[in-house]
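Single-structure report; data block below.
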2 protein chains.
Amino acid sequence: MSKPPVADPRRTLTLRDVSEASGVSEMTVSRVLRNRGDVSETTRERVLQAARALGYVPNKIAGALASQRVNLVGVIIPSMSNMVFPEVMTGISETLEDTGLQPVVGITNYSPEREEAVLYEMLSWRPSGVIIAGLEHSEAAQAMLESAGIPIVEIMDIDGMPVDSAVGISHRRAGLKMAEAIVAAGYRRIGFLGTKMPDDHRARKRLEGFKEGLAEAGLTLADEEYYAGGSALLKGREMTETILTRSPDLDFLYYSNDMIGAGGLLYCLDKGIDVPGRLGLAGFNGVELLDGLPRKLATMDACRREIGVHAAEIIAGKHPTAVVGGEVIELFPTLEPGDTIRKG
Amino acid sequence: MSKPPVADPRRTLTLRDVSEASGVSEMTVSRVLRNRGDVSETTRERVLQAARALGYVPNKIAGALASQRVNLVGVIIPSMSNMVFPEVMTGISETLEDTGLQPVVGITNYSPEREEAVLYEMLSWRPSGVIIAGLEHSEAAQAMLESAGIPIVEIMDIDGMPVDSAVGISHRRAGLKMAEAIVAAGYRRIGFLGTKMPDDHRARKRLEGFKEGLAEAGLTLADEEYYAGGSALLKGREMTETILTRSPDLDFLYYSNDMIGAGGLLYCLDKGIDVPGRLGLAGFNGVELLDGLPRKLATMDACRREIGVHAAEIIAGKHPTAVVGGEVIELFPTLEPGDTIRKG
DNA sequence: GTGAAAGCGCTAACAC
DNA sequence: GTGTTAGCGCTTTCAC
């Protein structure tokens with residue numbers, strides 16, 4: 001029994017090889033492999049058999065060029081390591097799963113220059129759509145997005161002017177709402193702990209909204225502390241120690257994310273500080289991690305998975321309400337008071 | 001002052017448009033845009049100017065088809081959410097950054113079927129190489145990898161037969177080493193807590209090596225507990241409570257990952273259990289999170305970033321030692337005893 | 001230093 | 001149901 005005739009193994013297989021092996025025209029082979037058009041069951045079988053036997057993998061590059069269709073969706077996000085974007089990705093992947101579309105991820109590290117480069121690279125593959133975090137982009141990136149001629153969904157944030165569609169929450173209002181809750185609970189000497197990230201516009205807007213909320217009650221931030229790099233949990237501990245040493249009379253600490261907030265909480269528990277009686281704490285994001293902590297940190301859910309789902313639906317053209325393009329979908333984060341804000 | 005002449009905005013721009021706008025042949029435009037071949041500074045400027053003015057983005061699909069070269073590297077990993085793969089990705093991205101190669105990520109959720117589908121999809125874009133987690137693949141996936149005709153690097157694990165190159169640690173030996181350390185520290189009634197994941201071969205191999213290490217000392221696992229889904233930190237607490245209730249005489253708990261281990265540690269601290277005196281604990285991975293915990297969990301670093309760096313170097317053809325292809329690069333995890341294993 | 005011709009591997013559109 | 005023809009937008013090769 002001899003092996004089936006296989007073409008030069010160094011060359012990758014083409015439709016023509018399958019065509020020759022099966023005795024069916026290239027065109028019909030193509031139809032079978034794409035499940036397009038009517039093909040008799042007999043030829044169908046013959047083609048599939050030949051393709052399998054050869055181990056043929058279609059060349060999507062050629063296919064895309066000929067059909068002017070690319071089943072790729074570019075997803076551009078700042079980071080993969082901070083727990084928030086992986087969840088957005090989960091929502092996107094799930095939703096795209098049965099649409100034939102495939103996400104392709106690019107990471108910017110919060111750098112506008114890298115964002116521009118990644119976007120350029122992606123657009124050069126002519127994807128069916130782009131999902132990109134944030135509303136702030138370099139001038140060139142903005143221009144590319146505007147003239148791309150494909151659906152663009154800017155995610156996470158809706159405080160600004162989207163190029164096309166947007167799905168997200170108002171970080172400004174999220175900050176405002178948290179400030180109001182804190183003030184209502186009776187806290188007055190409030191400190192803020194955040195990241196040194198000039199290009200994290202969402203964190204910036206949250207802080208702006210937060211200060212606005214304090215201002216409504218005639219308050220201002222009593223102290224602030226910033227960090228960059230390293231283990232967020234550890235940094236949270238360190239920053240908390242620093243700020244409390246400098247301003248021992250603070251009665252509330254607002255953290256720009258849950259990880260540093262969790263670090264702060266652990267620090268306070270270590271030191272035996274009465275939380276939330278003497279000191280209240282709150283973070284932002286609603287990360288699942290908080291569920292395992294000894295005490296539950298107050299936070300605000302950023303609707304991460306949901307944002308991914310909506311964005312993907314828009315790109316796939318199967319969003320229940322957004323159909324024309326150019327919609328802004330606002331989601332509303334819920335405040336989860338946990339155990340670190342006084343009741344009443 | 002009239003606007004520059006712009007072609008039909010619904011059509012995406014082609015080289016021809018730039019050629020016409022600049023009065024330079026398509027061929028020369030192509031050379032300028034790729035920095036290939038000698039082009040006079042004058043024409044160069046003229047072309048770049050025209051391209052910028054039009055907002056031309058090259059079509060890589062056509063380019064790739066013509067040149068038979070694709071600057072994409074497929075990266076296939078099980079998950080993005082468990083802290084280990086994002087770090088591998090970081091290593092890959094950094095290393096690829098100045099090679100002109102771009103990573104494209106596919107997620108399998110530890111499902112062999114999805115892995116097969118993702119791999120097929122990726123290969124159909126004819127990438128320059130594939131980095132894929134693990135040595136275990138479906139038969140079809142294995143066949144695709146073998147006949148892909150491009151560099152393949154299987155990462156994370158080296159206990160098995162790679163298709164081409166491999167970079168990783170021996171999870172079997174990692175488990176063994178941990179068992180030996182635990183036994184040496186005098187623990188005798190040892191429990192294991194892990195995930196219900198038949199397709200997480202690395203966790204499986206670690207456990208096998210661990211049991212082997214116990215067997216060397218004439219010991220066997222005293223109890224086991226498994227979980228699936230949910231917040232790993234919270235699950236760690238719950239499982240720890242469950243197993244300690246069922247087997248109160250256990251003197252050591254070995255967790256299959258640091259997150260559930262951290263949950264267990266927090267539980268023990270809550271309950272006032274003497275760690276590591278009455279009960280020792282250890283996890284696996286060496287996640288940065290551990291640095292912020294009240295006590296440092298014993299763990300073993302999985303060399304995640306380093307694995308990404310080596311794998312990318314192999315694909316980019318710039319690995320210091322691996323040059324022929326087909327190499328196996330073994331990295332050696334270090335045991336970090338932290339504060340949860342008795343000294344001596 | 002620049003241009004013209006051919007073709008990469010597919011699929012749209014149309015015949016049969 | 002199946003086959004033929006033309007071309008997608010680039011780059012390779014070779015001529016000038």
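So you know, we letter chains A, B, ... as the sequences are listed, proteins then strands, and number each from 1.
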To the nearest 0.5 angstrom, please state how far the CE atom of A:M197 sits from the OG atom of A:S79. 7.5 Å
Charged N-O contact under 4.0 Å between A:R44 and A:D38: no
If you compare every side-chain N and O of B:Q68 against the phosphate oxygens of D:dT12 (OP1, OP2), does one of them come in below 4.0 Å? no
Just the rounded figure in Å: distance from P of D:dT11 to CZ of B:R16. 16 Å
Do the non-hydrogen side-chain atoms of A:M80 and A:I77 ever get within less than 4.5 Å of each other? yes
Contact class for B:N59 vs. all strands (heavy atom < 4.0 Å): base, sugar-phosphate, or nothing? sugar-phosphate
Salt bridge flag under 4.0 Å for residues A:D17 and A:R11: yes
Let me know the distance between CD of B:E41 and P of C:dT2, rounded to the nearest Å. 11 Å
Taking only side-chain N and O atoms of B:S25, does any of them lie within less than 4.0 angstrom of OP1 or OP2 on C:dG3? yes
Ignoring hydrogens and geometry beyond distance, is a side-chain donor-acceptor pair present between B:S40 and B:T43 at under 3.5 Å? yes
Tell me, for nucleotides 11-16 of chain C in 5' to 3' order, what letter each nucleotide earns: B for a base near a protein heavy atom under 4.0 Å, S for only sugar-phosphate near one, - for neither? BBB---
The residue, B:R126 or B:G23, whose nearest nucleotide of DNA chain C is more 5′ is B:G23
In whole angstrom, what separates B:L33's CG from D:dT11's P? 8 Å
A:Y56 side-chain N/O to C:dC10 phosphate OP1/OP2 under 4.0 Å: yes
Please state how far atom CG in B:L65 lies from atom P in D:dC10, giving the value in whole angstrom units. 12 Å
What is the distance, to the nearest angstrom, from the CD atom on A:E45 to the C1' atom on D:dG1? 16 Å
Return the value, rounded to whole Å, for the distance between atom CG of B:N35 and atom C1' of D:dT11. 15 Å
B:W125 CH2 to C:dG9 P: how many Å, rounded? 15 Å
Going by an N to O cut-off under 4.0 Å, is there a salt bridge joining B:D199 and B:R114? no
The answer to which of A:V39 and B:I61 contacts DNA chain D further toward the 5' end, by nearest nucleotide, is A:V39
A:T28 side chain N/O closer than 4.0 Å to the phosphate oxygens (OP1, OP2) of D:dG3? yes
Decide whether B:S138 and B:E116 meet the rule of one side-chain donor and one side-chain acceptor closer than 3.5 Å. yes
